[in-house]
Amino acid sequence: MNNRIVSGMRPTGPLHLGHYFGVLLNWVEMQKEHDCLYFVADWHALTTNYAEPRDVKGFVPELVCDWLAAGLDPERAILFQQSRVKEHAELHLLLSMITPTGWLERNPTFKEVREQSSKDLSTYGFLGYPVLQCADIVIYKPKWVPVGQDQLPHLELTREIVRRFNYLYGEYFPEPEAKLTSSAKLPGLDGRKMSKSYGNSIYLKDPMSEIRPKVMSMLTDTKRQRLKDPGEPKDCNLFPYLELLAPTGILPEIEEGCRTAARGCGDCKKLLAEKMADFLEPIQARRREYEARPDTLQDIIVAGSDKARALAQQTMDDVRRLLNFDF
Ligand code: TRP
């Protein structure tokens, strides 16, 4: 039975808790029951960061280091780097021939990101982002693609391109399905979405000395001005963190204490700072192991890319045959 999973992340900087609870934890869970391929989408990083290509190189091992620290296991999952498997580029080219530009121009993510970005994203490569993403996925013929909500339009495009390919050249690619990651959306320290650009993130690799001040600076229920005012956990940015990191048994007590003003926000912050440190400790210990052995890290990326390439080459042999390009 095909239970293969493929997913990728762009190497744009260190991972924060939003990435961890939103996507990475799922990846770690899934490696136990599925054939997983997880890759660093370094070419995709160029679609927006084409003016600073030099930054990408350092971010690739950084990202893999975060993955390993979080518990991805190269013995269980294939961890690789997109640009080391050139077959993605060849398939992207062939798929670009059959993808109507209208589909890409209508893509909501394309319009949104292009309008909001300070960069000039009126490029061919940025428009074609979902075509490359389609190639990344279907080249391994997976059943599932675990992604966040924001990636659903891209996955729908992948399925449309697959249908068109199959219609033109014969039923070959299975239509991959999105596997929505169910995890809670974690707000940033200030209550907005956790994002590098907002400076409101806690990173997996944040030094322990910064964790406590960051937690102490978190915004809680803004309607609760004084200690004697009752609060509402549902309106507190800190509470979702406690739900993830504090023992579930004590949550009712915390909620009650907040609503009756018996418990202050400082108490919750102190508790969270402690639980956050406990949570990050083993992750950071694993990270230190890999940081001390950069060659091992490199070997993992190279070996994983070799395994992925062997699979991608089989697909490309078939695809070239289907297009009569098997010279
Ligand atoms: N677009 C994804 C993101 O921004 C990254 C990505 C590239 C990806 N190729 C992929 C995700 C293939 C899943 C499958 O997060």
Side-chain angles (χ1 to χ4, degrees), residues 4-16 18-27 30-31 34-50 56 59-60 63-64 66-67 72 77-89 91-92 95-96 99 104 107-110 112-114 116-117 119 121 125-162 173-181 183 185 193-197 304-305 308 311-312 315:
R4 186 178 281 166
I5 276 187
V6 174
S7 199
M9 271 187 212
R10 293 186 307 140
T12 51
L15 297 186
H16 53 57
H19 297 120
Y20 180 86
F21 287 107
V23 187
L24 199 48
L25 185 57
N26 270 285
W27 284 18
M30 282 183 300
Q31 68 180 349
H34 297 267
D35 283 335
C36 297
L37 291 119
Y38 298 128
F39 69 96
V40 181
D42 53 350
W43 277 329
H44 272 104
L46 287 183
T47 59
T48 49
N49 294 3
Y50 58 83
V56 176
F59 286 153
V60 173
L63 183 57
V64 177
D66 271 335
W67 288 358
L72 282 185
I78 298 179
L79 310 180
F80 73 100
Q81 182 180 352
Q82 181 187 36
S83 72
R84 286 180 186 269
V85 185
K86 312 291 183 210
E87 285 74 8
H88 289 224
L91 184 57
H92 165 254
L95 297 178
S96 78
T99 306
L104 301 172
N107 167 20
T109 317
F110 168 70
E112 211 179 285
V113 178
R114 193 184 53 173
Q116 283 169 10
S117 175
K119 297 168 188 154
L121 296 181
F126 185 66
L127 179 69
Y129 186 113
V131 186
L132 181 56
Q133 182 159 351
C134 176
D136 296 337
I137 296 169
V138 301
I139 206 162
Y140 302 106
K141 300 188 223 160
K143 174 131 181 64
W144 306 103
V145 184
V147 284
Q149 193 88 29
D150 62 312
Q151 293 294 312
L152 286 183
H154 287 163
L155 210 76
E156 205 37 59
L157 265 166
T158 286
R159 293 160 58 87
E160 279 174 295
I161 297 170
V162 162
F173 286 118
E175 273 181 48
E177 287 172 48
K179 207 178 183 60
L180 264 189
T181 45
S183 12
K185 257 216 160 74
K193 179 180 183 248
M194 194 179 279
S195 158
K196 186 173 59 171
S197 46
S305 301
L311 298 169
T315 303

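Counting starts at 1 for both ligands and their atoms, in listed order.
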Asks: Which pair of non-hydrogen atoms, one from Thr47 and one from Gly125, has the smallest distance, and what is that distance?
Replies: CG2-O, 3.8 Å
Asks: May I ask you to check if ligand 1 and Ser7 share an N or O to N or O distance below 3.5 Å?
Replies: no
Asks: Show the atoms of ligand 1 that are less than 4.0 angstrom away from any heavy atom in Ala41.
Replies: 7 (C)
Asks: Heavy atoms only: which of His154, Arg10, Gln133 lies closest to atom 8 (C) of ligand 1?
Replies: Gln133
Asks: Taking all non-hydrogen atoms of both residues, which atom of Tyr140 and which atom of Val85 are closest, and how far apart?
Replies: OH-CG1, 3.7 Å
Asks: What is the nearest protein non-hydrogen atom to atom 15 (O) of ligand 1, stated with its residue, atom name and distance?
Replies: Gln151 NE2, 3.6 Å
Asks: Which heavy atom of the protein is the closest neighbour of atom 5 (C) of ligand 1, given with residue, atom name and distance?
Replies: Gly8 O, 3.6 Å
Asks: Would a 4.5 Å heavy-atom cut-off, applied to side chains only, mark Tyr20 and Asp66 as touching?
Replies: no
Asks: Quick check: Tyr129 and ligand 1, any N/O pair under 3.5 Å apart?
Replies: yes
Asks: Looking at atom 14 (C) of ligand 1, what's its closest protein heavy atom, distance included?
Replies: Ile137 CG1, 3.6 Å
Asks: Distance to 0.1 Å, residue and atom name: give those for the protein heavy atom nearest to atom 9 (N) of ligand 1.
Replies: Asp136 OD2, 2.8 Å
Asks: Please report the closest heavy-atom contact between Ser83 and Asp42, naming both atoms and the distance.
Replies: OG-OD2, 2.6 Å
Asks: Which pair of heavy atoms, one from Leu132 and one from His92, lies closest together, and at what distance?
Replies: N-CD2, 3.3 Å
Asks: Under 3.5 Å, is there a donor-acceptor pair between the side chain of Lys196 and the main chain of Thr12?
Replies: yes
